[in-house]
Colleague: 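I have a structure I would like to understand better, so I am pasting it below and will then ask my questions one at a time.
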Amino acid sequence: MKNQTNLKLVIFIILAFIGTLNTMAQKIAGKIVDTTLTPIASATIVLQTVDSTFVEAVVSKEDGTFSFSKNTIPFILTIQHINYKTFQQTFHNGNVGMIKMTSAEQFLNEVVVSAKKTYAKVEDGKFIYDVKKLIQNKIADNVWDLLNKLPGISSTSSSISLIGANKVSVMIDGKLSTLTMDQLYTMLNNMPANRVEKAEIIYNAPPQYHVNGAVVNLVMQRPKNSSVEGEIAANYANQYFSDGGVNANLRVATPKTTLDVMYGINRKKNMQYSEIESHHTLHDVLYDINQTERISSKYWEHDIRTSFDYKFNDKNDINVAYTAMFSPDKKNQSHTVGDFQNSFSNKDANTNMHNIALNSKLGIGLSVGIDYTHYNSDDRQNLNIDYNNGAIGKIASKSAQTIDRYAIYADQSHSIKNGWTIGYGVSYTYSYDRDYQFYHVAETANQVQNTDSKLKEYKTDFYFSTSKQFKKGLSFSISVKGEYYKIGDYQKWALYPQCSINYAKDSKHIYQLGLSTDKTYPKFWSMLSSVSYIDGYSEIQGSPGIRPSTNYNLNATYIYNKKYIVGAFYSYTNDFFAQVPYQSTERLALIYKSMNWNYMQNAGINIIVPISISKWLETRLTGVGMYLHQRCDNFFNIPFNREKLAFMGRIDNTFIVNKNLLFELNANVQSPVIQGTFDVGIISSVNAGIKWNFAKEKMSLSVYCNDIFNTSSPKLTVDYKGQNLISDNCFYSRTVYAKLVYKFGGFKNTKGKNIDTSRFGH
């Protein structure tokens, strides 16, 4: 009897143990979707026992899935998301399957405020925007237009800026864009916006990007099946002159290979018109110099890009790409009329750039790449000057620049225990610049000299980084990069620390704090001793001794409900350099020259608020308040130390008629700011546009007008320590453009690499 009792006890213990194991093996997991079976990301899922005791909380992934490390059966799941009604249910099995959430709507005084899908999240210090959601009701036919739709980003045909950042680099699939701003504008203006899957804004770029400061990384879509797809677009623009062009894109893809080809040909015609009122004091005599300058240019621009990707498997791939841009016959004319001199300048130029790049990712966490760029430009200028005192001047010159640039890099990362990741890498860049300017004729009152310069630049950097993902939404990353830089007789070792701390209290509250350092190098031509003459009064001088500037940037950001953004920032730049005009005290000449300042610092706060009213209006408000401080003790003979408070406001409105027709009405304003001795006047603009999709969304027509009231070009004034100058460029900044697009095969996006020529060219 006793033995039977013991046997029953053993059997009972074994069965209980097996039951416990079975319960433990039942991992609690599932997937959250909406009524259309679209996955819902970033929903908060709370696990409780049946007596409502809290066990664990997690957030759903991008594909809507979730799982818990702990379990208790039976259990209660409570699911919350700002755009959906709260879900709660008791389960008796760990595999909860697919849970459908119902959209939330709230009715207020006959105005329906509907929940909109969130488009922002933070991962690993990156602000990530779902481009499809972001531009769903926006006029953004190309990637350049897309940049201007990102919160906090402002893009024009000559600049890209990010609120709270010293400067911004644009990357595609983690590869640095190294084109000049004009080339970058042309390239992205030819790329369809729907190629981009998501946009990442990084205030403190990790060292494996091999760039300091802020980054906008455009992650391109990947083809999953075999296909032949493409797009043909014709565009027209008018800004005083009319121009336009045709662009074509083709993609041929299989599960392992992707071939992309792009070609664009565009006719460019530009006009600049400025009025200068210069009260120039020379040897205690005041000269009133008033003149108007009309600068025009016209040329054909050709852009070619082809790339080939081969995917060995999910962790190993290789990419080779060739990019070319060339303008074989640029015509530039400048005509100046005034009471000091009349002049006419005629300039012919040719430019071309070729780049080939090879990069590969290996499954062991290693990325390697090599890059070669060849850039060449040459121009001929004839300048005739008639001074009002009867003197004449004549200049005929030829100049050219050739640059060869080689780069190689390798990056390695390791994921180790307990959520830690470490990385390290090295890169080496060598540039060889040959630049000359030769005067055939030099009959002028100003002294000229021939120049023939050869500059070799070396840059080696190496880094170490580490990051950690903690539980309860806390993560951080820290890195340090060492750099050796040498150009001519200048050489320097430097260390660049970077740190980012992220905390997500829950799905509604996200915090980020970041510190970064950055270095900016002057353009090659600005470091030469040559002089370029704009007319008989204005000239651009090179700066052989100019030094790179170093920036330190601190920023803090809070995101509420993945939509509303509040930020604060502080930036300090040592040896900041900029080009500021100076009325010479030795002769009647207006000199433009890049010079190093002691420092420039600014601090400010910003807020971004999106608002949706019903289904027909989407609005985004942006406001920035900023303090500026600039100091230079060695600006010719007039040191300056200036401060200024400034404000910038912007409103973006989209009126949605239906899924195929929408309107935009946007406006922005910036209060007066300073740049060295310059006072920059108010800048404002009002823009409007319409987009119509037709032919079953295979075709679209967009018509847009920028700066309707012609107020985006500010008046520049100098009234400082004897310098007295007014420059008015408010001639014609209004631009009307139209774009007709035809898509075949359902265009999908391509991966590309932009090439660094930002310091090339005159």
Side-chain angles (χ1 to χ4, degrees), residues 120-129 143-144 146-156 158-179 181 184-185 188 196 198-219 461 463 465 467 477-479 481 483 496-502 510-521 548-559 565-574 576 600-608 622 624 626 628 648 754 756 758:
K121 63 179 181 178
V122 176
E123 290 182 0
D124 300 325
K126 306 173 184 177
F127 295 87
I128 302 176
Y129 296 92
V143 178
W144 190 267
L146 163 64
L147 289 174
N148 215 34
K149 306 302 180 183
L150 295 172
I153 293 286
S154 178
S155 64
T156 68
S158 59
S159 66
I160 298 176
S161 60
L162 169 64
I163 296 173
N166 179 51
K167 70 174 184 179
V168 185
S169 300
V170 177
M171 308 176 76
I172 294 180
D173 287 330
K175 304 298 188 298
L176 175 64
S177 166
T178 51
L179 297 169
M181 190 56 62
L184 180 65
Y185 168 76
L188 299 185
V196 183
K198 59 184 178 180
E200 301 174 341
I201 295 180
I202 312 169
Y203 279 89
N204 311 290
Q208 60 266 29
Y209 288 167
H210 298 287
V211 60
N212 301 315
V215 162
V216 178
N217 184 37
L218 304 173
V219 180
D461 66 58
Y463 71 86
S465 65
S467 62
S477 65
I478 187 169
S479 67
K481 183 173 74 173
E483 179 189 89
Y496 300 102
Q498 180 268 344
C499 179
S500 179
I501 301 173
N502 307 280
I510 300 173
Y511 306 85
Q512 184 185 76
L513 179 66
L515 170 68
S516 65
T517 53
D518 181 20
K519 178 169 281 190
T520 302
Y521 301 95
S549 63
T550 303
N551 171 261
Y552 305 90
N553 198 77
L554 179 66
N555 58 75
T557 305
Y558 166 66
I559 301 180
I565 302 173
V566 179
F569 56 89
Y570 171 76
S571 176
Y572 180 91
T573 304
N574 190 42
F576 178 83
M600 180 183 75
Q601 62 177 340
N602 59 70
I605 56 174
N606 64 279
I607 183 170
I608 301 174
T622 303
V624 184
M626 188 163 53
L628 305 172
M648 188 275 284
N754 287 336
D756 185 6
S758 59

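These numbers come from the heavy atoms of this one structure, side chains and all, not from hydrogens, waters or symmetry mates.
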Colleague: For Lys198, enumerate each residue passing the side chain to side chain donor-acceptor pair (under 3.5 Å) test, keeping only those at least two apart in sequence or located in another chain.
Modeller: none
Colleague: What's the separation between atom CD1 in Ile153 and atom CD1 in Ile201, rounded to the nearest 0.5 Å?
Modeller: 4.5 Å
Colleague: Rounded to the nearest 0.5 Å, what separation is found between the CG atom of Leu515 and the OH atom of Tyr570?
Modeller: 11.5 Å
Colleague: Is the closest side-chain heavy-atom distance between Thr517 and Pro497 below 4.5 Å?
Modeller: yes
Colleague: So which atom in Leu162 and which in Ala214 form the shortest heavy-atom distance, rounded to 0.1 Å?
Modeller: CD2-CB, 3.9 Å
Colleague: Hey, what do you get for OG1 (Thr550) to OH (Tyr496), rounding to the nearest 0.5 Å?
Modeller: 5.0 Å
Colleague: Are Asn551 and Thr520 close enough that a side-chain donor and a side-chain acceptor fall under 3.5 Å?
Modeller: no
Colleague: Check the pair Leu628 / Met600 against side chain to side chain contact (heavy atoms under 4.5 Å, CB included), numbers first and verdict last.
Modeller: CA-CA 8 Å; Leu628 305 172; Met600 180 183 75; over 6 Å; no
Colleague: Evaluate the criterion side chain to side chain contact (heavy atoms under 4.5 Å, CB included) for residue pair Val566 and Ile605; output intermediate values, then yes/no.
Modeller: CA-CA 8 Å; Val566 179; Ile605 56 174; over 6 Å; no
Colleague: If we only count heavy atoms from C-beta on, is the Ser500 to Tyr203 side-chain gap below 4.5 Å?
Modeller: no
Colleague: Return yes if a side-chain donor-acceptor contact under 3.5 Å exists between Gln498 and Ser479, otherwise no.
Modeller: yes
Colleague: Once you round to the nearest 0.5 Å, how far does CZ of Phe127 lie from CG of Leu150?
Modeller: 13.0 Å
Colleague: Restricting to non-hydrogen atoms, name the atom on Ser571 and the atom on Asn553 that form the minimum distance, rounded to 0.1 Å.
Modeller: CB-OD1, 3.3 Å
Colleague: Compare every heavy atom of Asn606 with every heavy atom of Ala568, then report the nearest pair and how far apart it is.
Modeller: N-OD1, 4.2 Å
Colleague: Quick one: pull up OH in Tyr209 and CD1 in Ile202 and give me the separation to the nearest 0.5 Å.
Modeller: 4.0 Å
Colleague: List the steps and the verdict of side chain to side chain contact (heavy atoms under 4.5 Å, CB included) for Ile501 and Cys499.
Modeller: CA-CA 7 Å; Ile501 301 173; Cys499 179; 4.3 Å; yes
Colleague: Enter the distance from Asn502:CG to Ile510:CD1 here, rounded to the nearest 0.5 Å.
Modeller: 9.0 Å
Colleague: Could you report the tightest heavy-atom contact between Ala199 and Leu218, atom names first, then the distance?
Modeller: CB-CD2, 4.1 Å
Colleague: Given the rule in the side chain to side chain contact (heavy atoms under 4.5 Å, CB included) test, do Leu554 and Leu513 qualify, once you have shown the distances and angles that lead to the verdict?
Modeller: CA-CA 8 Å; Leu554 179 66; Leu513 179 66; 4.2 Å; yes
Colleague: Which pair of non-hydrogen atoms, one from Thr573 and one from Ser549, has the smallest distance, and what is that distance?
Modeller: CG2-CB, 3.9 Å
